[in-house]
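Have a look at the structure below, then the notes.
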Protein chains: 2
Amino acid sequence: MELPDAELAVLEALWRDAPQSAEQLTMALAATRAWKLNTVKTLLARMLARGAVRHEKDGRRFLYWPVWERRTFLTQATRQLLDSFFGGKVTPLVAHLSSQRKLSAADRRALRELLDSWEQR
Amino acid sequence: MELPDAELAVLEALWRDAPQSAEQLTMALAATRAWKLNTVKTLLARMLARGAVRHEKDGRRFLYWPVWERRTFLTQATRQLLDSFFGGKVTPLVAHLSSQRKLSAADRRALRELLDSWEQR
DNA sequence: TCTTTATGCCTACACACGTAGTCTAAAGAG
DNA sequence: CTCTTTAGACTACGTGTGTAGGCATAAAGA
């Protein structure tokens, strides 16, 4: 469950909207990645080989769906961050965020609410 | 400020303990990466070229120090995770952690204390 | 039915990375 | 002073990745 950067960008576009054709994907990605249509097709072919996406024929072309799920990547990336930089513990991560002033008052309120809801369970 | 995986492993070893010689690093990394001494030397040479580490002659050999700091990587990695998966907001990240049952009672208590200390400021 | 166009498939290619061997020079041993 | 060892420098090479061009084929238009 590992994907090079370029392919991940394509998968993310599919998470945002699926299915899409190679051409639609090229346009959807144009803002961040100025890729030729052929480039996107190559990436899609590699992703098919990995099983990261699937496709179905739609007339003359293919439509692509994500297979690998966003949630899986999210979980994996979060765990990796925790393990490599925070000794696998959540509190140091949150402490770091606070020291970077990444926490707004709204964030703090939302966090309190989350904490309250867990206590109740 | 980007580093391939293998080089990052070397830098992490230097964060744990510096300075170290190429040979010491090879041994320190042996548990996780069974690299030959020459491999570690190649990695160190590339890291010197990037400016990620520096070295000083110690008799016949070199001792290596980290230049790029752990804190920088930590901040960068955290921001990247937040931006790519949680819309840049902290609360959804914490919500995800809780849904994964990654939060112990101790974590929750520590979080509450952090929140309290911020409110006071 | 013949030609044009669009779509997929295959091929290419430079550069980065992981992994290491060989060559060279300097330090220490005799 | 010569020989041996050891540490560094240079070279190498297969594979993965980013990026795309060219060829073949099927659909659409004339």
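Model, not experiment: these values are computed from the prediction. Atom set for the values below is all heavy atoms of this structure, side chains included, hydrogens, waters and symmetry mates excluded.
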Quiz item: Could you state the CZ-C1' distance from A:Arg61 to C:dC9, rounded to the nearest angstrom?
Solution: 18 Å
Exercise. Test for a donor-acceptor pair under 3.5 Å between the base of D:dG18 and the side chain of A:Asp5, counting only N and O atoms.
Key: no
Self-check item: Atom pair distance, as rounded to whole Å: CG in A:Leu44 and C1' in C:dC10
Solution: 16 Å
Quiz item: In terms of the nearest nucleotide of DNA chain D, which residue is placed more toward the 5' end: B:Glu23 or B:Thr42?
Solution: B:Glu23
Quiz item: Please give, in whole Å, the distance from C:dA20 P to B:Glu7 CD?
Solution: 15 Å
Self-check item: Partner residues of A:Phe86 under the ring-ring contact (aromatic ring centres under 6.0 Å, His included) criterion, sequence neighbours left out
Solution: A:His96
Quiz prompt | Phosphate OP1/OP2 of D:dT19 contacted by A:Thr39 side-chain N/O (<4.0 Å) | solution = no
Exercise. Check every strand shown and say whether A:Leu43 touches a base, only sugar-phosphate, or nothing at a heavy-atom separation below 4.0 Å.
Key: base
Quiz item: Within this structure, what is the CG-to-C1' distance between B:Leu37 and D:dT5, rounded to whole angstrom?
Solution: 14 Å
Quiz prompt | Atom pair distance, as rounded to whole Å: CG in B:Leu8 and C1' in C:dA16 | solution = 16 Å
Self-check item: More than 12 heavy atoms from other groups under 6.0 Å of CD on B:Gln76
Solution: yes
Exercise. Name the orientation class of the two ring planes belonging to B:Phe73 and B:Trp68 (parallel below 30°, tilted from 30 to 60°, perpendicular beyond 60°).
Key: tilted
Quiz item: Atom CG of A:Asp58 and atom P of D:dA27: how far apart are they, to the nearest Å?
Solution: 13 Å
Quiz item: To the side chain of B:Pro4, which of C:dA6, D:dA20, C:dC17 is closest?
Solution: C:dC17
Self-check item: Parallel, tilted or perpendicular, as decided by the 30° and 60° cut-offs, for the rings of A:His55 and A:Phe62
Solution: parallel
Quiz item: Is any side-chain N or O of B:Lys41 closer than 4.0 Å to OP1 or OP2 of D:dG8?
Solution: yes
Quiz prompt | Given D:dT19, C:dG8, C:dA20, the nucleotide with the shortest approach to the side chain of B:Asn38 | solution = C:dA20
Quiz item: Tell me: NZ of B:Lys36 to C1' of D:dA12, nearest whole Å?
Solution: 17 Å
Exercise. Please tell me which of the listed nucleotides, C:dC9, D:dG8, D:dT6, lies nearest to the side chain of B:Arg60?
Key: D:dT6
Quiz item: Hey, are the side chains of A:Leu44 and A:Tyr64 touching, using non-hydrogen atoms and a 4.5 Å cut-off?
Solution: yes
Quiz item: Nearest of C:dG8, C:dG28, C:dG18 to any side-chain atom of B:Ala6?
Solution: C:dG18
Quiz item: Nearest to the side chain of B:Arg50, which nucleotide is it out of C:dC17, D:dT6, C:dG8?
Solution: C:dC17
Self-check item: Rounded interatomic separation in angstrom, taking CE from A:Met27 and P from C:dT7
Solution: 13 Å
Quiz item: Is the distance from OP1 or OP2 of C:dC15 to the nearest side-chain N or O of B:Arg46 less than 4.0 Å?
Solution: no
